[in-house]
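For reference, the structure discussed in these notes is given below.
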Amino acid sequence: MTADILEKQKAFFEAGNTWDTRSRRAMLQILANTIKEVAGGDPDVPAVLKEIEEVRKHLYKWSGTGRLRLLLSLFARPKDGPIPKGNILIDTSSADSLGGVLQPLVSVLAAGNTAVIVVPDSPAGETVRRIVDETFTEDFVAVAGTEDAAALREQAFDLVYAPGSSIPFIGQEGFMSFSRTDA
């Protein structure tokens, strides 16, 4: 399971399917709608939906695709903005809440990456599995159980994120954590 998912995701990413800012905003809205349908009563849902709303609101500015950049490009070559890192492993196997699993995913998707999420063996993990299965194809976002975590960590992901690491995962800091600024 692990090697084929990563290969599918690399091909999906390299085809440029995650790079367009409008598509990212649309995908985040679809994710928000699915979260409302599947887990609307969970106490973490309002925080996750607020995070999605904030990210969608600022995504053009953070990605450097806003109107000002377009106007400046008429007079000078614009500097390159942040670009996606690629394939991200989100190891939330120790997370104990729905928000702890979904909030890093929001930043990973906003930055334009593909993701594999290792979910905990808990009701929150099962809810995330349902949300991801109803929202994404496996070549964009895939879910794995804790039994696959060790094998996944051995794969060549562009970044491995685990809660408790020093990598910020929400807001603009989260967006920048999952982006590269070098061209």
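In this chain, numbering begins with 1 at the start of the sequence shown.
- Across all non-hydrogen atoms, the minimal contact from Gly112 to Pro84 is O-CB, 3.2 Å.
- Of the possible polar contacts, one joining the Asn113 side chain to the Gly86 backbone as a donor-acceptor pair under 3.5 Å is found.
- Smallest separation of non-hydrogen atoms from Lys10 and Ala156: NZ-O, 3.3 Å.
- By the side-chain contact (heavy atoms from CB on, under 4.5 Å) test, Ala95 pairs with Thr92, Val101, sequence neighbours left out.
- For Thr146, the side-chain hydrogen bond (donor to acceptor under 3.5 Å, both in side chains) partners two or more places apart in sequence, or in a different chain, are Asp121.
- Val48 and Leu102 get closest at one heavy-atom pair: CG1-CB, 4.1 Å.
- Leu6 contributes atom CG, which lies 5.5 Å from atom CG of Asn87 (distance to the nearest 0.5 angstrom).
- Arg130 is linked by a side-chain contact (heavy atoms from CB on, under 4.5 Å) to Val38, Glu134, counting only residues two or more places apart in sequence or in another chain.
- Around the CD atom of Gln29, the shell of radius 6.0 Å holds more than 12 heavy atoms that belong to other residues, nucleotides or ligands.
- Atoms CD1 and CD1, on Ile30 and Ile35 in that order, are 12.0 Å from each other to the nearest 0.5 Å.
- Residue pairs that meet the side chain to side chain donor-acceptor pair (under 3.5 Å) test with at least one member in residues 40-51, sequence neighbours left out, are Asp44-Ser97.
- Every side-chain contact (heavy atoms from CB on, under 4.5 Å) that Arg25 has, sequence neighbours left out, goes to Arg56, Leu59, Tyr60.
- In this structure, Asp158 CG and Leu89 CG are separated by 11.0 Å, a value rounded to the nearest 0.5 Å.
- Asp148 is not listed as a side-chain neighbour of Val118, based on a closest heavy-atom distance of 4.5 Å or more.
- By the salt bridge (Lys or Arg N to Asp or Glu O under 4.0 Å) test, Lys8 pairs with Glu138, sequence neighbours left out.
- The shortest side-chain heavy-atom distance between Thr114 and Thr18 falls under the 4.5 Å cut-off.
- The distance from atom CD of Glu54 to atom CD1 of Ile52, rounded to the nearest 0.5 Å, is 12.0 Å.
- Considering only heavy atoms from C-beta on, Phe175 stays 4.5 Å or farther from Val55 through its side chain.
- Screening residues 110-136 for ring pair (Phe, Tyr, Trp, His ring centres under 6.0 Å) gives Phe136-Phe140 as the qualifying pairs, with residues at least two apart or on separate chains.
- Taking Lys36 as the reference, Asn33, Leu49 meet the side-chain contact (heavy atoms from CB on, under 4.5 Å) condition, with sequence neighbours excluded.
- Nearest heavy-atom pair, Ala39 versus Ile131, reported as atom, atom and distance to 0.1 Å: CB-CD1, 4.3 Å.
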Margin query: Could you go through Ile5 and Val116, starting from their C-alpha distance and side-chain angles, then the distance that decides it, and tell me whether this counts as side-chain contact (heavy atoms from CB on, under 4.5 Å)?
Written below: CA-CA 8 Å; Ile5 288 177; Val116 174; 3.7 Å; yes
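- Of all non-hydrogen atoms in Ser93 and Pro120, the two that sit nearest each other are O-CB, 3.4 Å.
- Nearest heavy-atom pair, Gly100 versus Pro104, reported as atom, atom and distance to 0.1 Å: O-CD, 3.5 Å.
- For residues 18-51, every residue pair satisfying the ring pair (Phe, Tyr, Trp, His ring centres under 6.0 Å) rule, not counting sequence neighbours, is listed here: Phe13-Trp19.
- Considering only heavy atoms from C-beta on, Val141 comes within 4.5 Å of Ile117 through its side chain.
- Residue pairs meeting the side chain to side chain donor-acceptor pair (under 3.5 Å) criterion with at least one partner in residues 100-109, sequence neighbours excluded, are absent.
- In this structure, OG in Ser63 is found 12.5 Å from NE2 in His58, a value given to the nearest 0.5 Å.
- For the pair Arg180 (side chain) and Ile83 (backbone), a donor-acceptor distance under 3.5 Å is absent.
- Between Val119 and Glu126 the shortest side-chain heavy-atom distance does not fall below 4.5 Å.
- Remark: side-chain polar atoms of Lys85 are not paired, donor with acceptor, to backbone N or O of Phe157 under 3.5 angstrom.
- Looking at residues two or more places apart in sequence or on another chain, you find a salt bridge (Lys or Arg N to Asp or Glu O under 4.0 Å) between Asp91 and Arg153.
- In this view, Ser122 satisfies the side-chain hydrogen bond (donor to acceptor under 3.5 Å, both in side chains) rule with no residue, not counting sequence neighbours.
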